[in-house]
Amino acid sequence: MSENGDESDVGLTLNNPADRDNEAANSFPKDFGYGVYDCDPGQDSSGALLGGSEVKPRIMLMGLRRSGKSSIQKVVFHKMSPNETLFLESTNKVVKEDIANSSFVQFHIWDFPGQIDFFDPAFDSDTIFGGCGALIFVIDAQDDYMEALERLHTTVTRAYKVNPRINFDVFIHKVDGLQEDYKMETQRDIHQRANDDLQDSSFDHVHLSFHLTSIYDHSIFEAFSKVVQKLIPQLPTLENLLNIFISNSLIEKAFLFDVVSKIYIATDSSPVDMQSYELCCDMIDVVIDVSCIYGLTSGDDISPAFDHHSQATIRLNNGTVLHLREVNRFLALVCILRDDAMEKQGMIDFNFAMFRAGIQKVFDVRKRRSAAVFRTDSGRELKHPQESP
Ligand SMILES: Nc1nc2c(ncn2[C@@H]2O[C@H](COP(=O)(O)OP(=O)(O)OP(=O)(O)O)[C@@H](O)[C@H]2O)c(=O)[nH]1
């Protein structure tokens with residue numbers, strides 16, 4: 001458990017790119033709760049703000065049939081093995097899921113069926129796109145993608161008209177089946193065509209981010225991390241803290257991980273290479289697995305595998321060291337450093353304590369702010385969440 005036991009209602013604020021959502025938007029401020037909510041929504045003032053399910057950000061998964069949407073969700077958030085996705089049935093209706101399985105990363109994810117018809121009167125674009133933080137469009141790179149590009153164009157233009165603040169991310173998916181050079185060529189081609197289509201219809205100011213993904217490696221976790229990070233307004237602060245920490249501790253790279261999902265919510269500003277990310281993900285798996293096997297005392301089945309004592313160091317035979325520390329009960333800091341830097345363990349420990357305190361302060365600011373002032377859609381500030389707008 002946490003040192004001060006105070007992290008249960010820490011939270012990062014998510015900028016709400018969607019101001020015109022459902023009824024909840026009228027009674028809640030324009031930002032989303034992001035973090036851990038132990039309190040029962042509605043019972044506690046901060047709980048009412050943060051814990052209400054409607055205020056979590058919404059990420060939508062769209063794309064043609066069999067492009068891999070449900071597989072992505074199952075692999076990233078349900079630990080389904082990629083091979084098992086072969087047996088997934090086609091989605092026939094919108095599947096709304098609350099990603100809150102004791103994880104720091106909390107949002108709703110909506111998996112849309114591939115055959116969705118935007119012109120069906122039952123498809124309420126205002127409600128669907130209005131409350132959306134990020135829209136992920138999945139394109140099957142192993143298939144002919146012309147129809148997918150058309151659908152991408154329709155989806156993006158329609159969504160943008162309703163809510164220009166949505167972040168659009170295109171997953172060029174199933175790239176495990178492509179040769180390395182063909183992967184890049186496919187990405188270039190899809191990028192070019194998608195942007196040309198937008199330009200032709202005067203939507204050239206809409207920004208699309210492209211990611212090469214596969215559920216058979218870590219690329220899907222990396223891409224999802226980027227999607228989630230764009231929804232965290234405190235990201236620059238977290239990055240800054242990480243930069244200060246690594247530059248003063250002789251550390252080469254550091255990731256702040258959500259342990260349950262293995263999504264990294266922030267890293268320092270040096271470039272991320274896939275191998276480092278994979279190593280860090282594997283380290284988390286090792287720590288959790290070893291803790292589960294040896295960490296629990298007999299008869300103790302409630303104590304978590306990841307807690308305040310969680311800490312691990314793995315030395316690789318190439319002189320690289322992986323070092324993991326618990327930040328709070330949902331977040332871990334995983335660092336990559338050279339063997340000789342570990343000699344200054346005392347300095348790392350001290351700097352880590354400062355870093356941890358800094359992170360806690362970021363959460364505390366959010367906590368204080370949400371307890372003090374709430375803003376209505378019209379911009380009016382309320383002193384208490386129960387006060388009517
Ligand atoms: N090779 C490969 N196959 C994948 C990948 N992701 C998903 N698949 C396969 O693609 C097929 C379709 O996946 P689904 O997740 O059901 O696709 P969907 O987009 O949810 O389909 P609908 O529900 O019909 O809209 C399954 O057989 C998956 O195993 C991937 O990264 N690589």
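Remember, it's 1-based here, ligands and their atoms both numbered in the order they're listed.
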Practice prompt. Verify side chain to side chain contact (heavy atoms under 4.5 Å, CB included) between Asn248 and Phe355, making sure each step is shown before the conclusion.
Written response: CA-CA 11 Å; Asn248 289 294; Phe355 170 79; over 6 Å; no
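Listed by number with element, the atoms of ligand 1 under 4.0 Å from a non-hydrogen atom of Leu86 are 27 (O), 29 (O). The atoms of ligand 1 that sit less than 4.0 Å from any heavy atom of Thr85 are 26 (C), 27 (O), 28 (C), 29 (O). Residue Ser214 has at least one heavy-atom neighbour below 4.0 Å for each of these atoms of ligand 1: 31 (O). In summary, the atoms of ligand 1 found under 4.0 Å from a heavy atom of Ser90, numbered by their order in the structure, are 22 (P), 23 (O), 24 (O).
Of the listed residues (Lys174, Gln73, Lys74, Arg65), the one carrying the non-hydrogen atom nearest atom 9 (C) of ligand 1 is Lys174.
Polar contact with ligand 1: absent for Tyr216 (N/O pair, distance under 3.5 Å). For Pro82, no nitrogen or oxygen atom sits less than 3.5 Å from a nitrogen or oxygen atom of ligand 1, counting backbone and side chain alike. Among the atoms of Asp111, none of the N or O lies under 3.5 angstrom from an N or O of ligand 1. Where the criterion is an N or O separation shorter than 3.5 Å, residue side chain and backbone included, Leu88 fails it with respect to ligand 1.
The closest side-chain donor-acceptor pair between Thr320 and Asn318 falls under 3.5 angstrom.
Just one residue in the list Leu64, Ile172, Asp189 forms a side chain to side chain contact (heavy atoms under 4.5 Å, CB included) with Tyr145, and that residue is Asp189.
When heavy-atom distances to ligand 1 are checked against a 4.0 Å cut-off, Asp176 comes that close only through its side chain, counted from C-beta outward.
Summarising the local packing, CD of Gln345 is surrounded by more than 12 heavy atoms from other residues, nucleotides or ligands at distances under 6.0 Å.
Contact check on Lys226 versus Glu222 returns a salt bridge, with a Lys/Arg side-chain nitrogen under 4.0 Å from an Asp/Glu carboxylate oxygen. For Lys174 and Asp143, the salt-bridge test fails: no basic side-chain N is under 4.0 Å from an acidic carboxylate O.
Residue contact check for ligand 1: Ser67 places a non-hydrogen atom closer than 4.0 Å to it. Residue-ligand proximity: Gln142 is placed with a non-hydrogen atom under 4.0 Å from ligand 1.
Between Phe112 and Phe137, the ring centre distance reaches or exceeds 6.0 Å.
Inter-residue side-chain proximity for Leu212 and Met184 is flagged as met; some heavy-atom pair is nearer than 4.5 Å.
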